[in-house]
Chemist: 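Sharing a structure, written as structure tokens. Questions coming.
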Protein chains: 2
Amino acid sequence: MKKNKDKELVGVKEIARRANVSIATVDRVIHNRTGVSVKTKDKINAIIEELNYQPNILARRLASKKILQFAALIPAVSEETDYWEAPLNGIIQAEAEIKPYGINIEKYFFDQNDRSSFVKQAETVLENNVQGVLLAPMFIEESKAFVEACQQRQIPYVFINSDIPNQNSLCYIGPHLYRSGYLGAHLVSFLVNSNDKVLVVNISKEIDTEHHVLRKEEGFRAYFADNKKNNEIIKTDIRETDYLSVKRNLIAVLKDHHIKAIFVTNSRVSFVAHYLQEANIKDIPLVGFDFLKENIGYLKSGVIDFLICQKPQEQGYRGIMALYNFLVHDSVVDKIYFMPIDIITKENYEFYRN
Amino acid sequence: MKKNKDKELVGVKEIARRANVSIATVDRVIHNRTGVSVKTKDKINAIIEELNYQPNILARRLASKKILQFAALIPAVSEETDYWEAPLNGIIQAEAEIKPYGINIEKYFFDQNDRSSFVKQAETVLENNVQGVLLAPMFIEESKAFVEACQQRQIPYVFINSDIPNQNSLCYIGPHLYRSGYLGAHLVSFLVNSNDKVLVVNISKEIDTEHHVLRKEEGFRAYFADNKKNNEIIKTDIRETDYLSVKRNLIAVLKDHHIKAIFVTNSRVSFVAHYLQEANIKDIPLVGFDFLKENIGYLKSGVIDFLICQKPQEQGYRGIMALYNFLVHDSVVDKIYFMPIDIITKENYEFYRN
DNA sequence: TTAAATAACGGTTACGTACCCGAAATAGAT
DNA sequence: ATCTATTTCGGGTACGTAACCGTTATTTAA
């Protein structure tokens, strides 16, 4: 079974010749359109199989003037957090890369704090008939409804940043939340002694539905349990995302407990850092998430010791490329692609790429 | 100055029409071939400028049957270390991605311990006239000679894994050695107390010329100096890369000094781990480099605490893509692309991509 | 002045695929 | 058997660019 390296320039023309039919007929079976008898269809398929025919993508995309339309349905960058700037940049990067090959990407932004804005944008996506969708399924039920509509229209869709299992998505690209919390605990354990009290801080308007926050905390606690560390773990939920609320809450908790390290389960860690700096508290190590500008600032100044990051930009990039590879090269894509769990410190942040 | 979004389908035909010349003439000035008067040439160039003409890559690569030949000149995977398997995989990955667009990559392997094998392979590259070269310039002088030959032939070349500055390479893609040693020291500092003795281990046949090893040690020491830590830093150079030599050396050093942590400056850290395990030494933390199978084994079992890694696979991938983007899309590429300095632990290694 | 060489350019085909349009073959209806 | 549908298929053009080859205009040499 030797490879036919140099012989791999078989095209529809050769297939047509061997099958004693015209190019048009071959084209019909390739795109399994109607108008071909079963007999010739089988014959042509056999030849395609035998020759291991690979369509020339260049010629294909050149000939078919149609350009593929992708939709990216993600949260808008808000004043609250510019986290979503990163995935957006990844999407833009992918767009630049595959635009020459006839792909266009339309972005649809919704408000993370407003379910209805998601629904509205989702409807717009369906109206502008697109061939592929990338979305951040933050609102579970609404997302389920949306992807069902996609399924009916045979539109493939990929999830990024958080997953909804068993929804027939083309794939999920994002973090393993539990394990990132687990790693967070590992890092914290470097910074405390046994029996030191540790504080977990959740800052989110919708803590109960935000699986991000919940699963990370779960992983965090699991680490201490698994490693038989008996540090006491205090926890505080802060449901208002403005600085003053965070501050008020922290003052109360730190007064009640002699905390030796703080773990913040999301990117709002900069609020905590802000408070620690303001209160001139220097002996409480701080670990949090995400490569945001403010967070990096506190990392540089030493207020934050570790940031855990999961390449949000690459998530956007890979999400688009998954659609592209599936639709254009029709290659198979991994159902789940967990992003690496990166550890950012003062010493390596300048080399990090989100 | 509004973008001409929908109007971006100007081709040579339109240019020819506006310039009152034939398509062929336009083609001549685009590829600045001879046979065009200065006057018409200028006119056509002006129109190209004005219309912001972007050649259609699909049509271009389809029409010009010529396929670009790239050469990858890297060390062979040896029994000593399979480090170079990773860059090779990255190269193969890039190859698969751009093969449909008419790029072929020939791999040339040399023996890291044999300069002459490098020279020989380099000559072969020059004979098989290629359009772009990716190389690991391990042997400085020989590499300089080679890239000079490339320059004469107008062949662009990129360095990976280690750099030789001021050699007009298209770019360098690889680690910042000094900073990775610096980070290594930071990690070690988590594992020791002040005044603990720390051991630096260099394992390499050519320590004096291996800037990898040297610059990392430099960065390592700098961290302790910068942070006013007065841990004593012992250092041992092991110039034989077999396990027994390493073991003998370690026994001697550990007997003379009361070492509290070990930092190995390259991927041979598994030898040290092997010894620590064999000797049943469990209280000496170990930090080293690279995501190799043996290293990961010791990371899992807890003998190695941290691995620092710089995505060798991605280095290969990006190196090829730099050539591709330069030659096919003629886009500008960054002169230097430092890889992120990744921290691998027991908790996140499964998600790491080399 | 004429032939020859060179410069400047146009016509045309080819690349591999998509798809329209019409022709031939077959089937069905009367 | 004749006529109309329908199925099945081939011819041909288009996509945007590359490059060969031939033609005309211009210059140089003899």
Side-chain angles (χ1 to χ4, degrees), chain A residues 6-45 47-48 51-68 99-103 131 327-330, chain B residues 6-45 47-48 51-68 99-103 131 327-330:
Chain A
D6 34 21
K7 254 309 196 173
E8 57 186 308
L9 17 68
V10 282
V12 283
K13 184 153 39 179
E14 173 65 11
I15 296 174
R17 202 185 57 75
R18 297 209 190 195
N20 276 325
V21 296
S22 77
I23 295 178
T25 303
V26 175
D27 187 67
R28 285 185 187 94
V29 347
I30 286 177
H31 296 85
N32 57 349
R33 278 182 286 231
T34 62
V36 185
S37 69
V38 200
K39 216 177 75 182
T40 52
K41 183 172 180 174
D42 287 349
K43 178 162 61 170
I44 292 174
N45 270 325
I47 295 177
I48 287 179
L51 264 51
N52 184 29
Y53 163 73
Q54 299 290 93
N56 184 318
I57 301 169
L58 298 175
R60 168 168 290 183
R61 294 222 59 77
L62 178 62
S64 97
K65 287 294 304 172
K66 78 168 66 125
I67 58 180
L68 291 182
K99 198 187 193 78
Y101 305 120
I103 283 82
Q131 279 76 46
L327 288 171
V328 175
H329 295 87
D330 65 60
Chain B
D6 35 21
K7 254 305 193 177
E8 57 186 307
L9 17 67
V10 283
V12 282
K13 185 152 39 176
E14 173 65 10
I15 296 173
R17 201 186 57 77
R18 297 207 189 195
N20 276 324
V21 296
S22 79
I23 295 178
T25 303
V26 175
D27 187 65
R28 285 187 187 91
V29 348
I30 286 175
H31 296 85
N32 56 348
R33 277 181 288 229
T34 62
V36 184
S37 70
V38 200
K39 215 177 78 181
T40 52
K41 184 172 179 174
D42 288 347
K43 176 160 63 167
I44 291 174
N45 270 328
I47 295 177
I48 287 178
L51 264 51
N52 185 29
Y53 163 74
Q54 300 290 92
N56 184 318
I57 300 166
L58 297 175
R60 167 168 291 184
R61 295 222 58 76
L62 179 62
S64 96
K65 286 294 303 173
K66 80 165 66 124
I67 58 180
L68 292 181
K99 198 188 193 78
Y101 305 120
I103 283 83
Q131 279 76 46
L327 288 171
V328 176
H329 295 88
D330 65 59

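Residue numbering restarts at 1 for every chain, and letters A, B, ... go by the order of the sequence lines. Predicted model, so just to flag it, every value in this text is computed and none were measured.
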Chemist: Rounded off to whole Å, could you give me the NZ-to-C1' distance for the K13(A) and dA18(C) pair?
Modeler: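 So the two atoms are 15 Å apart, to the nearest Å.
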Chemist: Do V36(A) and V21(A) have side chains that get closer than 4.5 Å, going by heavy atoms?
Modeler: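 Counting from C-beta outward, V36(A) and V21(A) never come under 4.5 Å.
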Chemist: Can you tell if the side chain of Y53(B) reaches within under 4.5 Å of the side chain of I30(B), non-hydrogen atoms only?
Modeler: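 Yes, side chains in contact.
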Chemist: Take atom CG of D27(B) and atom P of dA14(C), then tell me their distance rounded to the nearest Å.
Modeler: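 One finds 17 Å between P of dA14(C) and CG of D27(B), rounded.
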Chemist: In whole angstrom, give the distance that lies between atom CZ of R61(B) and atom P of dC15(C).
Modeler: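 Those two atoms, CZ and P, are 16 Å apart.
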Chemist: Rounding to a whole Å, what distance do you find between I23(B):CD1 and dA14(D):P?
Modeler: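 Result: 13 Å.
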Chemist: I need the CD1-P distance between I67(A) and dC15(D), as an integer number of Å.
Modeler: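 Checked: the CD1 to P distance equals 16 Å.
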Chemist: Grab the CD-P distance between Q54(A) and dT17(C) for me, whole Å please.
Modeler: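 Whole-Å distance recorded here is 11 Å.
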Chemist: Picking from dG10(D), dC9(C), dA18(D), which would you name as closest to the side chain of A63(B)?
Modeler: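 Closest nucleotide to the A63(B) side chain: dA18(D).
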Chemist: If you check the N56(B) side chain, which of dA19(D), dG16(D), dC20(C) turns out closest?
Modeler: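 Minimum distance to the N56(B) side chain belongs to dG16(D).
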Chemist: To the nearest 0.5 Å, tell me how far I57(A) CD1 sits from L62(B) CG.
Modeler: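 Between atom CD1 of I57(A) and atom CG of L62(B) there are 12.0 Å.
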Chemist: Would one find a side-chain N or O of S22(A) under 4.0 angstrom from OP1 or OP2 of dG10(D)?
Modeler: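 Looking at the OP1 and OP2 atoms of dG10(D), one of them is under 4.0 Å from a side-chain N or O of S22(A).
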Chemist: Using the side-chain heavy atoms of P55(A), tell me which of these nucleotides is nearest: dT17(D), dA18(C), dT17(C).
Modeler: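 Nearest to the side-chain atoms of P55(A), counting from C-beta on, is dT17(C).
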Chemist: Provide, to the nearest angstrom, the distance between the CD atom belonging to E14(B) and the C1' atom belonging to dA14(D).
Modeler: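 One finds 17 Å between C1' of dA14(D) and CD of E14(B), rounded.
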Chemist: Among dA18(D), dC15(D), dC9(C), which is the nearest nucleotide to the side chain of S64(B)?
Modeler: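 That would be dA18(D).
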Chemist: Does dA18(C) have OP1 or OP2 sitting under 4.0 Å from an N or O in the side chain of H31(A)?
Modeler: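 Checking dA18(C) against H31(A), a side-chain N or O does come within under 4.0 Å of OP1 or OP2.
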Chemist: Start at the 5' end of DNA chain C and walk down; is the nucleotide closest to A59(B) or to G35(B) reached first?
Modeler: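 Taking each residue's closest nucleotide, the earlier one in sequence belongs to G35(B).
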Chemist: Given dT7(D), is OP1 or OP2 found less than 4.0 Å from the side-chain N or O atoms of T34(A)?
Modeler: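 So the side-chain polar atoms of T34(A) never come under 4.0 Å of the phosphate oxygens OP1 or OP2 of dT7(D).
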Chemist: OP1, OP2 of dC9(C) versus side-chain N and O of S37(B): anything below 4.0 Å?
Modeler: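 Yes, within the criterion.
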Chemist: For the pair made of CZ in R33(B) and P in dG10(C), what is the distance, rounded to whole Å?
Modeler: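 Between P of dG10(C) and CZ of R33(B): 14 Å.
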Chemist: Side chain of L62(A) only, please: which of dT17(D), dG16(D), dA18(C) is the nearest?
Modeler: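 Out of dT17(D), dG16(D), dA18(C), the nucleotide with an atom closest to L62(A)'s side chain is dG16(D).
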Chemist: Are OP1 or OP2 of dT8(D) and a side-chain N or O of T40(A) less than 4.0 angstrom apart?
Modeler: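 Looking at the OP1 and OP2 atoms of dT8(D), neither is under 4.0 Å from any side-chain N or O of T40(A).
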Chemist: Answer yes or no: does a side-chain N or O of R60(A) lie under 4.0 Å from OP1 or OP2 of dA18(C)?
Modeler: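 Yes, within the criterion.
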Chemist: Between dA8(C) and R28(B), is there an OP1 or OP2 to side-chain N/O distance shorter than 4.0 Å?
Modeler: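 No, because none of the side-chain N or O atoms of R28(B) sits under 4.0 Å from OP1 or OP2 of dA8(C).
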Chemist: Of K13(A), R33(A), R60(A), which meets salt bridge (Lys or Arg N to Asp or Glu O under 4.0 Å) against D27(A)?
Modeler: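 One option only clears the test, and that one is R33(A).
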Chemist: Nearest 0.5 Å, please: how far is CD in Q54(B) from CG in N56(B)?
Modeler: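 With rounding to 0.5 Å, CG (N56(B)) is 10.5 Å from CD (Q54(B)).
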Chemist: Could you tell me if the side chain of I103(A) sits less than 4.5 Å from the side chain of V328(A), heavy atoms only?
Modeler: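 Yes. Closest side-chain heavy atoms under 4.5 Å.
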